[in-house]
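This report refers to the structure that appears directly beneath it.
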Amino acid sequence: MDSFTRIEALMGKDFEEIKRASVAIIGVGGVGSHAAMALARTGIEKLILMDPDTIKTSNFNRHAQGFTRYLGVNKAEAMKEEILGFRDMDIEVLDLAYKDETKEQLFSLDFDVLLDCIDVVTYKLQLIEESLDRNLDFITCLGTGNRLNPQGLEISSLYKSRNCSLARVLRREARKRNLRDFPVVLSKEDAKKIVIDEREGSRNLPASSYFTPASAGQLMAYWALEKILEKSKGEE
C-alpha cells in the first residue's frame with residue numbers, strides 16, 4: 001500500500017485530476033502552512049509557496065512547520081523541507097513578500113488555484129485585485145487571530161462576510177476599487193479584544209490558537225480541491 005492508496009480509494013477517478021494539479025499559497029504562516037500540508041498529503045503534483053518571513057518560537061503554537069529545527073529558516077523553505085520528509089513532489093519556494101514589485105515572479109509560474117493567506121492588508125488588497133484582473137481561481141483568508149473555536153469557520157464571500165474587522169476593511173477598499181465579489185474563509189466567532197505587547201512590522205500582534213488558523217487552512221485546501229475538480233469537469 002503506497003502513501004495515497006486510501007485517499008485514492010476515497011476520491012476514485014477524481015484523484016487523477018488532483019495528482020496533476022498545482023496550487024500557489026501566498027503566506028505560509030498559521031493558515032497557509034496547514035493548507036500546504038493538507039494539499040501535499042492529498043497528492044497534488046506541485047506547490048508554489050511564497051513568504052519572506054522566518055520561523056520564530058512564537059510560531060510554534062500554530063504553524064505546521066513550527067519546530068526548533070527550523071528556527072530562523074524561511075517559512076516557505078521550512079514547509080518544503082517538512083513535506084519532502086514524507087513524499088517527493090515539485091515545490092517552488094519564493095522567499096519574497098507579495099507586492100507590485102514582485103508579482104511577476106509569482107504570476108510567471110503556472111498554477112491552477114491560488115490561496116491568499118497574507119495578513120498585511122496593503123499587500124492582500126494588491127494580490128486580490130491582481131487575481132481578479134487575471135480571472136484567477138482564488139480564495140482569501142480573513143481574520144483568525146483572537147479566536148479559539150474552529151466550528152465558527154465557514155466559506156462565504158467578501159460582500160456577505162460579517163463579524164470580522166479585516167473583512168470590514170477589505171469590503172470598504174474593495175468597493176472603492178469596484179471589485180467584484182470573491183470567496184473567503186472567515187470565522188463567525190466574536191474575536192476577543194486582545195493585543196499582545198509586541199509588534200511585527202507595522203501591526204500589533206493578536207492572540208492566537210492552533211485550532212482556528214489550522215482549520216482555516218484545511219478549509220482553503222478543500223476549496224482548492226473542489227475548484228480543481230470543477231474546472232476539470234468543465235473542460236470535459
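Along the sequence shown, residues are numbered consecutively beginning with 1. Just so it is clear, the values below take in all heavy atoms, side chains as well, and ignore hydrogens, waters and symmetry mates. Here the structure is a predicted model, which is why all the values come from computation and not from measurement.
Clustering of Ile, Leu, Val, Met, Phe, Trp and Tyr by side-chain heavy atoms under 4.5 Å joins I55 with F60, F67, Y70, L71, V73.
Between K231 and E226, no side-chain nitrogen of the basic residue sits less than 4.0 Å from a carboxylate oxygen of the acidic one, so the salt-bridge criterion is not met. Look at E230 and K233 and you find no salt bridge, because none of the NZ, NE, NH1 or NH2 atoms lies under 4.0 Å from a carboxylate O.
Here the side chains of D95 and E77 are not in contact, with every heavy-atom distance at 4.5 Å or above. For the pair I128 and L132, the minimum side-chain heavy-atom distance is below 4.5 Å. Looking at heavy atoms from C-beta onward, K192 lies out of side-chain contact with R147 at the 4.5 angstrom threshold. The shortest distance between side-chain heavy atoms of N74 and D53 does not fall below 4.5 Å. Residues N59 and R62 form a side-chain contact, since some pair of their non-hydrogen atoms from C-beta on lies under 4.5 Å apart. Looking at heavy atoms from C-beta onward, E16 lies in side-chain contact with E8 at the 4.5 angstrom threshold. Contact of the V113 side chain with the I228 side chain is registered, since non-hydrogen atoms from C-beta on lie closer than 4.5 Å. Under the 4.5 Å side-chain criterion, counting only non-hydrogen atoms from C-beta, N149 is not in contact with T212.
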Derivation and outcome, side chain to side chain contact (heavy atoms under 4.5 Å, CB included), residues N61 and S208:
CA-CA 8 Å; N61 78 315; S208 63; 3.2 Å; yes

Report the C-alpha distance between K227 and L225 in whole Å, list the side-chain angles of each, state the deciding distance to 0.1 Å, and finish with yes or no for side chain to side chain contact (heavy atoms under 4.5 Å, CB included).
CA-CA 5 Å; K227 184 57 64 176; L225 292 189; over 6 Å; no

List the steps and the verdict of side chain to side chain contact (heavy atoms under 4.5 Å, CB included) for S161 and L142.
CA-CA 9 Å; S161 61; L142 300 180; 4.0 Å; yes

Carefully, step by step, assess I25 and C117 under the rule side chain to side chain contact (heavy atoms under 4.5 Å, CB included).
CA-CA 7 Å; I25 302 176; C117 305; 4.2 Å; yes

Stepwise salt bridge (Lys or Arg N to Asp or Glu O under 4.0 Å) test for D119 and K124:
CA-CA 7 Å; D119 54 12; K124 195 174 193 71; over 6 Å; no

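The ring pair (Phe, Tyr, Trp, His ring centres under 6.0 Å) search around Y98 returns none, not counting sequence neighbours. Taking F182 as the reference, F138 meet the ring pair (Phe, Tyr, Trp, His ring centres under 6.0 Å) condition, with sequence neighbours excluded. H63 meets the ring pair (Phe, Tyr, Trp, His ring centres under 6.0 Å) test with no other residue; sequence neighbours excluded. Every residue two or more places apart in sequence or in another chain was checked for a salt bridge (Lys or Arg N to Asp or Glu O under 4.0 Å) with D181, and none qualifies. Checked against side chain to side chain donor-acceptor pair (under 3.5 Å), N146 has no partners two or more places apart in sequence or in another chain. Scanning for ring pair (Phe, Tyr, Trp, His ring centres under 6.0 Å) contacts around F211 gives an empty result, with sequence neighbours left out. Residues satisfying the side-chain contact (heavy atoms from CB on, under 4.5 Å) criterion with D2, sequence neighbours excluded, are F4, T5. The side-chain contact (heavy atoms from CB on, under 4.5 Å) test applied to L219 returns L153, I155, V185, not counting sequence neighbours.
For the atom pair L205 CG and S58 OG, the distance stands at 7.0 Å (nearest 0.5 Å). Separating the NZ atom in K99 from the CD1 atom in I118 is a distance of 11.0 Å, to the nearest 0.5 Å. Annotation: the span from R69 atom CZ to E82 atom CD amounts to 4.5 Å, rounded to 0.5 Å. Here the OG atom belonging to S157 is positioned 13.0 Å from the CZ atom belonging to R180, to the nearest 0.5 angstrom. Atoms CD and CE, on E17 and M11 in that order, are 9.5 Å from each other to the nearest 0.5 Å. Rounding to the nearest 0.5 angstrom, the gap separating the CG atom in L106 from the CG atom in L127 is 7.0 Å.
In terms of heavy-atom proximity, A224 sits nearest to V23 at CB-CG2, 4.5 Å. What you find for L186 and S156 is that their closest heavy atoms are CD2-CB, 3.5 Å. Across L148 and S209, no two heavy atoms sit closer than the pair CD1-CB, 3.6 Å. Here the shortest heavy-atom pairing between P150 and S215 reads CB-OG, 3.3 Å. Heavy atoms only, all atoms of each residue included: R20 and D112 are closest at O-OD2, 4.3 Å. Residues C141 and A216 come closest through the heavy atom pair SG-CB, 4.1 Å.
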Could you go through residues 37-45 and list every donor-acceptor pair under 3.5 Å that involves a side-chain atom there, pairing it with any protein atom two or more places apart or in another chain?
| unit_1 | atom_1 | unit_2 | atom_2 | d |
| --- | --- | --- | --- | --- |
| T42 | OG1 | A38 | O | 2.6 |

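Heavy atoms from other residues, nucleotides or ligands lying under 6.0 Å from CZ of R6 number 12 at most. The neighbour count for D110 CG, taken as heavy atoms of other residues, nucleotides or ligands under 6.0 Å away, does not exceed 12. Enclosure of atom CZ in F107 by more than 12 non-hydrogen atoms of other residues, nucleotides or ligands within 6.0 angstrom is indicated.
Between the side chain of T54 and the backbone N or O of G72, no donor-acceptor pair lies under 3.5 Å. Of the possible polar contacts, none joining the R171 side chain to the L166 backbone as a donor-acceptor pair under 3.5 Å is found. Judged by distance alone, the side chain of E173 and the main-chain N or O of T122 form no donor-acceptor pair under 3.5 Å. The backbone N or O of A97 lies less than 3.5 Å from a partner atom in the side chain of T102, making a donor-acceptor pair.
No single ILVMFWY cluster, assembled from side-chain heavy atoms under 4.5 Å apart, contains both Y123 and L115. Under the 4.5 Å side-chain heavy-atom criterion for grouping Ile, Leu, Val, Met, Phe, Trp and Tyr, V28 is connected to I91 within one hydrophobic cluster. Residues L47 and F15 fall within the same hydrophobic cluster, defined by Ile, Leu, Val, Met, Phe, Trp and Tyr side chains chained together at heavy-atom separations under 4.5 Å. Tracing side-chain contacts under 4.5 Å through hydrophobic residues (I, L, V, M, F, W, Y), one reaches L136 starting from L170; they form part of the same cluster. Side-chain heavy atoms closer than 4.5 Å link hydrophobic residues (I, L, V, M, F, W, Y) into clusters, and following such links, possibly through other members, connects I26 to L179.
For the residue pair D116 and S131, no side-chain donor N or O sits within less than 3.5 Å of a side-chain acceptor on the partner.
For residues 151-160, the pairs satisfying salt bridge (Lys or Arg N to Asp or Glu O under 4.0 Å) are E154-K188, with sequence neighbours left out. Judged as a salt bridge (Lys or Arg N to Asp or Glu O under 4.0 Å), the pairs with a partner in residues 125-135 (not counting sequence neighbours) are, in order, K103-E130, E104-R134, E129-R177, E130-R134.
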